[in-house]
Colleague: 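Right, I'll just put the structure down here and ask away after.
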Amino acid sequence: MSMNWPEKVIFCEVGPRDGLQNEKTLLSVEQKVALIEGAADAGVPIIEVGSFVHPKAVPQMADTDEVAKKIRRLPGVEYRCLVANKKGVERALASGITKVKLTLSASESHARANMKKSIAELLEGFKECTAFAHENGAAVSGAISTAFGCPFEGKIPVTKLVEITEKFMELGITELSMSDTTGMANPRQVYDTASFMREKFPEVRWFLHFHNTRGMALANMVAGLNAGIIRYDASLAGLGGCPFAPGASGNVASEDMLHMLGEMGIETGIDLDRMIALARQLQQWVGHCTDSSVLRAGKNSDLISRTEAKKQ
Ligand code: ZN
């Protein structure tokens with residue numbers, strides 16, 4: 001196989017949302033604001049700030065309104081939030097968030113476990129939600145969760161992804177993420193699926209979102225890059241998981257992904273050292289070790305500078 005590398009990757013930090021929503025330790029509004037501002041200052045172009053869902057369902061995200069209002073906005077940075085209904089869009093707009101994301105599971109069983117609704121019912125609700133957002137000048141993107149595999153249903157057929165993508169497009173949504181919520185994707189599957197979906201829907205701006213549950217996330221990213229996808233989500237320090245997916249562990253760590261891209265000569269415009277410092281701070285705040293190779297081992301270049309220092 002001849003490899004095909006893009007020059008540039010557009011990176012989205014999802015730690016403040018996907019990462020923190022699964023942590024027992026609740027961060028303060030100030031800590032969340034520092035995290036988001038820190039990522040923006042490091043050069044991250046897209047940040048998922050939080051979610052506007054019911055505070056009883058996800059208490060970790062109950063203060064998203066306050067966080068969104070407090071963050072100092074950098075021009076050119078996209079601050080987006082997850083919503084599940086019209087009420088969520090209203091809260092987003094009231095907090096100055098003009099980009100919202102709707103998530104739909106590719107698996108009926110996961111949709112029921114996660115949202116307590118069928119896919120058809122969820123899509124019905126999305127209509128009102130999207131129309132309201134568009135009327136009020138907010139942009140809407142979509143995510144297909146369990147896109148590569150479901151803990152209840154196993155492998156997800158590509159026909160299912162096509163079906164859901166068509167539904168999203170009927171709503172006027174052309175920015176979509178395929179999310180491996182439970183870390184079941186493998187590189188060959190990602191390459192085949194991403195190549196197929198890109199060709200089938202050339203008008204869609206695709207994101208890929210990998211969890212490192214079984215150690216395949218970076219390999220999956222390489223497969224995605226080769227299939228021509230240039231937008232990726234990750235979470236600082238590798239926080240995250242899914243409360244409804246048994247055994248699901250964190251998102252791939254942002255610093256691991258950015259370090260790999262840097263070593264490969266693929267540009268992101270992000271200051272890796274600042275991201276590592278933030279990830280370290282975040283690990284302290286949540287109070288436990290997380291799945292981050294770079295936090296454990298340091299960067300390649302640290303090693304070289306240590307060896308050189310010894311020589312002198
Ligand atoms: Zn995720």
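We use all heavy atoms of the structure for the numbers below, so side chains are in, but hydrogens, waters and symmetry mates are not. In each ligand, atom 1 is the first atom listed, and ligand 1 is the first ligand listed. In this chain, numbering begins with 1 at the start of the sequence shown.
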Colleague: Strictly under 2.8 Å, is the Zn ion (ligand 1) approached by any N, O or S atom of Asp233?
Modeller: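 Within the cut-off used here (under 2.8 Å), Asp233 places no N, O or S atom near the Zn ion (ligand 1).
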Colleague: Which single N/O/S atom of Asp18 lies at minimum distance from the Zn ion (ligand 1)?
Modeller: OD2
Colleague: Each residue besides Leu26 in its hydrophobic cluster should be listed here, by chain and number; the cluster joins Ile, Leu, Val, Met, Phe, Trp and Tyr at side-chain heavy-atom distances under 4.5 Å.
Modeller: none
Colleague: Is a side-chain N or O of Gln60 found less than 3.5 angstrom from the main chain of Glu23, in a donor-acceptor match?
Modeller: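 Flag set: sc Gln60 to bb Glu23 pair under 3.5 Å.
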Colleague: Would you mind listing the cluster partners of Ile10? Hydrophobic ones only (ILVMFWY), side-chain contacts under 4.5 Å, chaining allowed.
Modeller: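 Taking Ile, Leu, Val, Met, Phe, Trp and Tyr as members, Ile10 shares its hydrophobic cluster with Ile46, Phe207, Ile230.
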Colleague: Looking at His211, pick out the N, O or S atom nearest to the Zn ion (ligand 1) and give its name.
Modeller: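 Within His211, restricted to N, O or S, the Zn ion (ligand 1) is closest to atom NE2.
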Colleague: Between Val44, Ile270, Ile266, which is the residue that forms a side-chain contact (heavy atoms from CB on, under 4.5 Å) with Leu258?
Modeller: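 Among the candidates, only Ile270 passes.
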